Every structure is written in structure tokens, then in C-alpha cells.
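Reviewing the structure listed below.
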Amino acid sequence: GSFLEKKGYEVEIALTLQEGLRLIAEKEPDILFLDNHLPDGEGWQQTEFLRKNYSFLHIHLITAYKENMASFHTHSNVRVWEKPLSFNKLQEVLDAMSA
């Protein structure tokens, strides 16, 4: 979170799927980083719901498992990242969004 905060972004962190869904509805963020394996469910199962209800949301799905990357059908506002995330890749995404 501090990398993004230093770049001027407001950051909210949710540790569970339900908390994250509540924050999305409340804050309507521009960008979402969504891990798949959360304590109360699989985050990626919410991708279609999020795309349909928050069409403005740029969704970044996070995984530690390469096989998950190939099996997910991405859309223009959905990107899949393999852990670990790097600050350089994150900066590239931020630059592309502001261009």
C-alpha cells in the first residue's frame, strides 16, 4: 500500500473477500488488486460480478500459480499477475492508465 500512497493514490486494504466487496461498494475504487485465495472464498469467482456492476473498475487478479493465469479469460479491464509483484511492473500499469 505505501508504494501507491507515495504515488498519491488512496489505498484501502481488505483481508477477506466480504470486506473487500463491502469496500468496493462503499468506495468505488478505480483499481482493484484481487488475490484468489482469501480466508473466506476465492476472489476470482467474483470477477464477472465486479465487471458487470463496476464497469469502470480496472481489475488486477493476483496468483502464485502459473496454471491459473492460462485458465482465466481476461477482458480489457482485467489483467492477471503472477506473484511476486514488482514495483517496476506496477509503475508500468500506473503509467499506462494515466496516458
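What you see is a predicted model; the values in this text were computed from it and never measured. Values below: all heavy atoms of this structure, side chains included; hydrogens, waters and symmetry mates excluded. Note that the numbering runs from 1 along the sequence shown for the chain.
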Distance-only donor-acceptor hits, side chain of residues 19-32, under 3.5 Å, sequence neighbours excluded:
unit_1	atom_1	unit_2	atom_2	d
Glu19	OE1	Leu15	N	3.3
Arg22	NH1	Glu26	OE1	3.0

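Taking the ring-ring contact (aromatic ring centres under 6.0 Å, His included) definition, one finds that His60 meets it with Phe33, Trp81, sequence neighbours left out. Partners of Phe87 according to the ring-ring contact (aromatic ring centres under 6.0 Å, His included) rule, which considers only residues two or more places apart in sequence or in another chain, are Phe3. Evaluation of the side chain to side chain donor-acceptor pair (under 3.5 Å) rule for Glu92 yields no partner, not counting sequence neighbours. Among residues two or more places apart in sequence or in another chain, the side-chain contact (heavy atoms from CB on, under 4.5 Å) test is passed with Ser86 by Asn88, Lys89. Applying the side chain to side chain donor-acceptor pair (under 3.5 Å) criterion to Lys83, with sequence neighbours excluded, gives Asp35. Listed by chain and residue number, Phe49 satisfy the side-chain contact (heavy atoms from CB on, under 4.5 Å) test with Asn53 (two or more places apart in sequence, or in another chain).
Within the model, atoms CG of Leu4 and CD of Glu12 stand 12.5 Å from one another, a figure rounded to the nearest 0.5 Å. In this structure, Trp44 CH2 and Leu50 CG are separated by 13.5 Å, a value rounded to the nearest 0.5 Å. The distance from atom NE2 of His37 to atom OG1 of Thr63, rounded to the nearest 0.5 Å, is 6.0 Å. To the nearest 0.5 Å, atom CD of residue Glu42 and atom OG1 of residue Thr47 are 10.5 Å apart.
Scanning all heavy atoms of the two residues, the minimum distance from Leu61 to Val78 falls at CD1-CG1, 3.8 Å.
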side-chain contact (heavy atoms from CB on, under 4.5 Å) between Leu85 and Leu90, worked out: CA-CA 7 Å; Leu85 302 181; Leu90 186 53; over 6 Å; no

Thr16 and Leu38: CA distance, side-chain angles, deciding distance, side-chain contact (heavy atoms from CB on, under 4.5 Å) verdict: CA-CA 6 Å; Thr16 66; Leu38 297 167; 5.9 Å; no

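Counting only residues at least two apart or in different chains, ring pair (Phe, Tyr, Trp, His ring centres under 6.0 Å) contacts with residues 13-32 are absent.
Two residues are said to be in side-chain contact when any heavy atoms from C-beta on lie closer than 4.5 Å; Tyr54 and Ile59 fail this criterion.
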